[in-house]
Every structure is written in structure tokens, then in C-alpha cells.
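Note sheet for the following structure.
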2 protein chains.
Amino acid sequence: MSDASGLVAGEPAGAAVKRRQIRPKAERRQQLIDSTIRCIAQRGLSSVTMQMVTREAGLSVGIANLHFQSKDNLLKETLRFVADEYHGGQIEIMSGSDMPDLGQRLDALLDFQFGRGVTQRQKMSVWFAYYGEAGARPVYQKIVATSDRFAAQKLEALFVEIIKEGGYVGSDARELAIGYSALIDGLHLGLLVTPRELTKRCARAVARDFLRRAFPLHVR
Amino acid sequence: MSDASGLVAGEPAGAAVKRRQIRPKAERRQQLIDSTIRCIAQRGLSSVTMQMVTREAGLSVGIANLHFQSKDNLLKETLRFVADEYHGGQIEIMSGSDMPDLGQRLDALLDFQFGRGVTQRQKMSVWFAYYGEAGARPVYQKIVATSDRFAAQKLEALFVEIIKEGGYVGSDARELAIGYSALIDGLHLGLLVTPRELTKRCARAVARDFLRRAFPLHVR
DNA sequence: TGTCGGAATGAATAATCATTCATTCTAGGT
DNA sequence: ACCTAGAATGAATGATTATTCATTCCGACA
């Protein structure tokens with residue numbers, strides 16, 4: 001038996017032979033984070049295993065600990081990624097100096113919040129999976145709070161501008177910003193938990209209605 | 001050594017000697033559900049163990065499987081209990097024929113939603129822990145959806161009455177009900193995740209503001 | 001007071017999982 | 001073509017955990 005391997009060299013053997021690939025660290029990290037997101041969405045945060053994540057990524061079990069040290073850390077980094085993506089996108093739109101019309105900026109915000117990127121079931125699942133654990137895990141609270149606070153400030157600033165421009169008396173920007181953020185979160189939650197009874201279109205309309213009542217001169 | 005036990009018979013020995021107690025099935029079930037709620041709030045749904053729950057309840061590990069067959073079932077029953085308690089309380093207030101004044105009924109609803117019972121961190125933690133898993137667990141979706149749908153109908157019916165009474169033209173009861181529910185969920189989420197930046201008092205004010213904009217004649 | 005159905009116990013079991021690390025293999029540099 | 005740093009692998013390990021069930025013991029009833 002001169003050839004110990006089960007396969008003749010170079011043979012595809014039906015299922016393609018998996019070749020070990022070496023890739024830069026940053027790429028592998030992202031690959032694992034993406035895989036973690038898919039796993040959480042499909043199986044739930046509480047039943048995600050390292051085997052599951054690495055298998056989904058098409059890698060071996062050892063690799064996750066090589067790049068993330070521990071499962072706990074992988075989960076933290078995944079949350080950080082999702083939070084940054086969500087709040088980052090929002091912040092970009094709200095600051096958007098390339099969009100001078102304020103009403104238009106509100107519409108762009110709605111598009112982002114109920115568009116393809118954010119409301120993919122996958123991302124929402126992950127988002128709320130972490131919220132669910134946040135009550136018991138201060139680390140998660142901290143990660144979310146950091147980017148959340150910044151986004152809240154930007155939103156409040158935008159509302160201040162709008163209130164000034166529209167001369168809406170008796171409206172408190174801070175209170176409205178808190179309300180709008182909460183409304184968006186609640187609608188996303190509805191889309192996740194009762195998708196049969198709440199469509200994306202309807203959710204968007206409800207959010208828009210909130211803005212219309214607050215800023216009638218700016219929204220339609 | 002004639003006495004193998006560490007304690008002399010009948011001796012309290014500092015810490016009271018734990019005596020086995022036999023109690024009716026219903027009582028034990030509730031005791032275990034309460035314990036599960038505390039455990040989820042303190043440690044997170046994903047790290048709750050049967051040992052933890054039974055220990056917290058002051059019982060042995062076998063007892064949970066005796067009354068609930070499996071951990072999975074215990075978690076399902078716990079969710080059912082929390083969902084029923086929350087929606088049940090809401091429904092009672094909304095139907096409340098003992099409270100003819102509609103504006104007053106809205107205030108009672110606010111009191112319930114931001115009062116002691118519902119917004120205890122414990123209950124909120126549990127609530128969102130399950131929401132977090134709902135994306136991956138249709139069973140949870142189903143349990144919540146059942147009572148949720150009923151509460152949504154009651155809220156819509158209440159809003160229909162209010163709209164008729166106040167003659168609020170151009171207001172859609174269904175859309176407002178969806179918005180209000182989402183807002184409440186979002187505010188509860190905020191209270192849970194960023195308690196430092198959102199007080200209960202403030203959350204209540206934001207919710208009230210929503211109602212005031214929708215039904216100015218009824219709320220303040 | 002004695003008896004007994006079944007509630008309660010917890011040590012034992014079997015399964016799952018995160019983490020380690022000796023080994024293998026790749027790709028860029030010479 | 002050869003060498004080598006370090007990326008990638010996955011079997012092995014040890015820790016946790018849900019679930020079982022032989023045994024213990026309570027308390028209602030006769």
C-alpha cells in the first residue's frame with residue numbers, strides 16, 4: 001500500500017476535495033462574524049455552538065479560538081459589528097450634509113430603517129437576541145449603549161433643526177427623539193415576532209405617521 | 001462512630017434543617033415558574049440551567065422534570081405565564097366597562113404599562129429574552145402571537161371608540177394601535193437596555209405624548 | 001398508631017460543548 | 001526549487017448539563 005491517502009492525487013472524487021486556504025486575519029474574522037450572524041438567526045443565540053459557527057463558515061473548530069480567543073469574545077465582536085452597522089448607517093443619514101432638505105432626510109432615514117439592509121430577518125434576529133440577554137449581561141448593554149447614545153444625539157440634533165425650521169411650538173426634540181427611536185425598535189420587534197400580522201410596508205407607514213404628526217410641514 | 005449523620009436528631013444546627021415538604025402540584029408548578037423568571041432575569045435565558053432553577057426554588061433537580069417533563073417545556077410554560085399576565089392585565093383595562101370615561105381608561109393603561117408590575121426589570125428581562133429567541137423558535141412566536149393578537153384587537157376597538165367620540169378625522173384606529181403597541185414595546189426595551197438614560201417617568205411621558213397627539217381632546 | 005400512594009430527592013448517566021495543542025499544510029520570499 | 005513563518009486543522013480533554021430512576025420520606029386516612 002504505497003498510497004495511504006484515500007484519494008488519488010488531484011482527484012475531485014465526486015464532492016470537490018476541500019483544500020486548505022490561508023487568508024488574512026481580517027478576512028477570516030469577518031467570515032466568522034457573518035457565519036455567527038446566520039447561526040444566531042437560524043438557531044437562536046442560546047443554542048449557537050462553536051461547531052455550528054465554524055461549520056457554517058466552512059472552517060475547522062480551532063480557527064474561531066485562534067482569531068477570537070473565546071466564544072464569548074466572538075459573540076461580543078459580532079454584536080459590536082451589528083450595532084456599528086445599524087447605528088453607523090443611521091448616523092450617516094442624519095448628519096448627511098449632502099442632503100439639505102430636512103424632510104427629505106427623514107424619508108431617507110425611513111428608507112434605511114425599513115429597507116433591505118436593516119430589516120433582514122437575520123439582522124433583526126441577532127439584534128433582539130442580544131437585547132434579550134442584555135438584562136443579564138452588562139457587557140452587551142455597554143456595547144449597544146455606546147453607539148446608541150451617539151445615534152440618539154444625532155437624532156435629537158436633527159429634530160432640533162426641524163423644530164426650529166418649522167416653528168413647531170410646544171415640541172420637545174429630546175422627547176420626540178426618544179419616542180421615535182422606541183417606535184422604530186418596537187416596529188422591528190413586531191416584524192420579527194409577528195411577521196404575519198405586520199408587513200414592512202405597514203410598519204413604514206406607521207413610523208411615517210408618527211413623523212407627520214410631529215412635523216406636519218416637513219412630512220407630506 | 002455510632003451516628004453517621006453529621007447532625008444529632010432534631011437539632012437545628014445553626015442553619016435550619018431543611019425538611020422535605022409535600023405540596024400540591026399546581027403550587028409547585030407556580031413556584032418553579034417564578035424561580036425560572038428570576039433566573040432568566042439574573043443570568044439570561046441562554047445560561048439558565050435546571051440546577052439553577054430548582055436550587056433557586058429550594059427544591060431538588062428531579063422535581064422540575066416531574067412537573068414539566070423537560071426543560072424545554074418549563075421554558076415554554078414560563079413564557080406562557082408571562083405573556084398571559086401582561087396581555088391579560090392590558091385586556092382587562094381596555095375592556096373595562098367599569099370605567100366609562102375613555103380618557104381615564106387610557107391613563108389606567110399607561111399606569112399599568114409603566115407601573116410596578118410590568119416594568120419590573122425581572123419581567124422585562126424575561127419578556128425580551130424570549131423575543132430574542134422568537135426569530136429562531138416558532139413555538140415562542142406562537143405563544144406570544146396568541147395573546148398578542150387578542151390584545152391588539154382590544155386596543156384597536158378602544159381607539160375606534162375614542163376616534164368616534166372625539167370626531168378625529170383622518171385617523172386610522174388600526175394604524176394608531178400598531179404604533180402605540182410598538183412604542184410601548186420600544187420604551188420597555190429602552191428601560192431594560194439603557195436604564196441610565198431613560199427613566200420610567202420619562203418613558204411614560206413619551207407614551208402619553210403619543211396619545212395626546214392622536215387624541216388631543218381625551219388626553220390632557 | 002399504622003399503612004401506603006405518590007411527592008420529593010439527588011447520585012449516576014449519557015450527551016454536548018468550549019477549548020487546547022501537536023501536527024499538517026500553504027504561500028510568499030529567496 | 002526550496003524554506004519557513006504562521007495559518008489551519010481536528011482529535012482529545014475536561015467541564016457542564018439535561019434527564020433518569022432507585023430510594024426516601026411525608027401526611028392523609030383508616
Side-chain angles (χ1 to χ4, degrees), chain A residues 3-7 9-11 15-33 35-36 39-40 42-78 133 137 139, chain B residues 4-7 9-10 16-36 39-40 42-78 133 137 139:
Chain A
D3 187 359
S5 96
L7 297 171
E11 186 204 12
V17 177
K18 179 95 193 311
R19 243 179 81 86
R20 178 190 291 194
Q21 283 219 12
I22 290 181
R23 309 255 72 194
K25 186 170 170 173
E27 188 176 325
R28 284 275 182 255
R29 281 178 63 96
Q30 192 55 51
Q31 197 178 345
L32 287 165
I33 286 178
S35 173
T36 305
C39 288
I40 292 175
Q42 280 165 30
R43 312 287 294 264
L45 180 56
S46 69
S47 53
V48 164
T49 70
M50 293 298 260
Q51 316 243 8
M52 216 182 271
V53 171
T54 50
R55 166 189 262 252
E56 169 77 24
L59 298 168
S60 66
V61 289
I63 198 86
N65 281 52
L66 182 66
H67 289 301
F68 289 94
Q69 292 79 54
S70 70
K71 179 186 179 183
D72 216 60
N73 195 239
L74 170 61
L75 293 179
K76 268 161 47 185
E77 292 300 318
T78 302
E133 293 288 292
R137 307 207 47 177
V139 193
Chain B
S5 95
L7 299 170
V17 177
K18 179 100 195 308
R19 243 179 80 88
R20 179 190 290 193
Q21 282 219 14
I22 291 179
R23 311 256 69 196
K25 185 169 170 172
E27 187 176 326
R28 285 276 183 253
R29 281 178 63 96
Q30 193 55 51
Q31 196 177 348
L32 286 166
I33 286 178
D34 290 344
S35 173
T36 305
C39 288
I40 292 175
Q42 280 165 31
R43 312 287 294 264
L45 180 56
S46 69
S47 54
V48 163
T49 70
M50 293 298 260
Q51 315 244 8
M52 216 182 272
V53 171
T54 50
R55 165 191 264 253
E56 169 78 23
L59 298 168
S60 65
V61 290
I63 197 86
N65 281 52
L66 181 66
H67 290 300
F68 289 95
Q69 293 77 54
S70 69
K71 178 186 179 181
D72 216 61
N73 195 240
L74 170 61
L75 293 179
K76 268 162 46 187
E77 292 301 318
T78 302
E133 294 288 290
R137 306 207 47 176
V139 194

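Chain A is the first sequence line, chain B the second, and so forth, proteins listed ahead of strands; every chain is numbered from 1.
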Please tabulate, one pair per line, all N/O donor-acceptor pairs under 3.5 Å involving side-chain atoms of residues 55-71 of chain B, not counting sequence neighbours.
| unit_1 | atom_1 | unit_2 | atom_2 | d |
| --- | --- | --- | --- | --- |
| B:Glu56 | OE2 | B:Arg38 | NE | 2.5 |
| B:Glu56 | OE2 | B:Arg38 | NH2 | 3.4 |
| B:Asn65 | ND2 | B:Gln69 | O | 3.4 |
| B:Ser70 | OG | B:Asn73 | N | 3.2 |
| B:Lys71 | NZ | B:Val48 | O | 2.9 |

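Here A:Arg28 reaches the OP1 or OP2 of D:dA8: one of its side-chain N or O atoms lies under 4.0 Å away.
The stretch residues 67-78 of chain B touches DNA chain C through B:His67, each having a heavy atom within less than 4.0 Å of the strand. Within a heavy-atom distance below 4.0 Å of DNA chain C, the residues of residues 46-54 of chain A found are A:Val48, A:Thr49, A:Met50.
A search for side chain to side chain contact (heavy atoms under 4.5 Å, CB included) contacts involving B:Ser46 returns A:Ser46, A:Glu133, not counting sequence neighbours. Taking the side chain to side chain contact (heavy atoms under 4.5 Å, CB included) definition, one finds that B:Ser47 meets it with B:Arg43, sequence neighbours left out.
Rounded to whole Å, atom P of C:dG10 lies 10 Å from atom CG of B:Leu59. If you take CD1 of A:Ile63 and P of C:dT24, they are 18 Å apart, rounded to a whole angstrom. For the pair A:Arg23 CZ and C:dA27 P, the interatomic distance rounds to 8 Å; values are reported in whole Å.
The only option from B:Val53, B:Thr49, B:Leu45 that meets the side-chain contact (heavy atoms from CB on, under 4.5 Å) definition with B:Cys39 turns out to be B:Val53.
The salt bridge (charged side-chain N to carboxylate O under 4.0 Å, His left out) analysis of residues 26-35 of chain B, with sequence neighbours excluded, yields the pairs B:Arg23-B:Glu27, B:Arg29-B:Glu77.
Taking the nucleotide of DNA chain D with the nearest heavy atom to each of A:Gly58 and B:Asn65, the more 5' of the two is matched to A:Gly58.
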With the sugar-phosphate defined as primed atoms, P, OP1 and OP2, and the base as all remaining atoms, what B/S/- string results for nucleotides 21-30 of chain D, 5' to 3', for protein heavy atoms under 4.0 Å? ---BBBS---
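In this structure, the side chain of A:Thr78 engages the main chain of A:Leu74 through a donor-acceptor pair within 3.5 Å.
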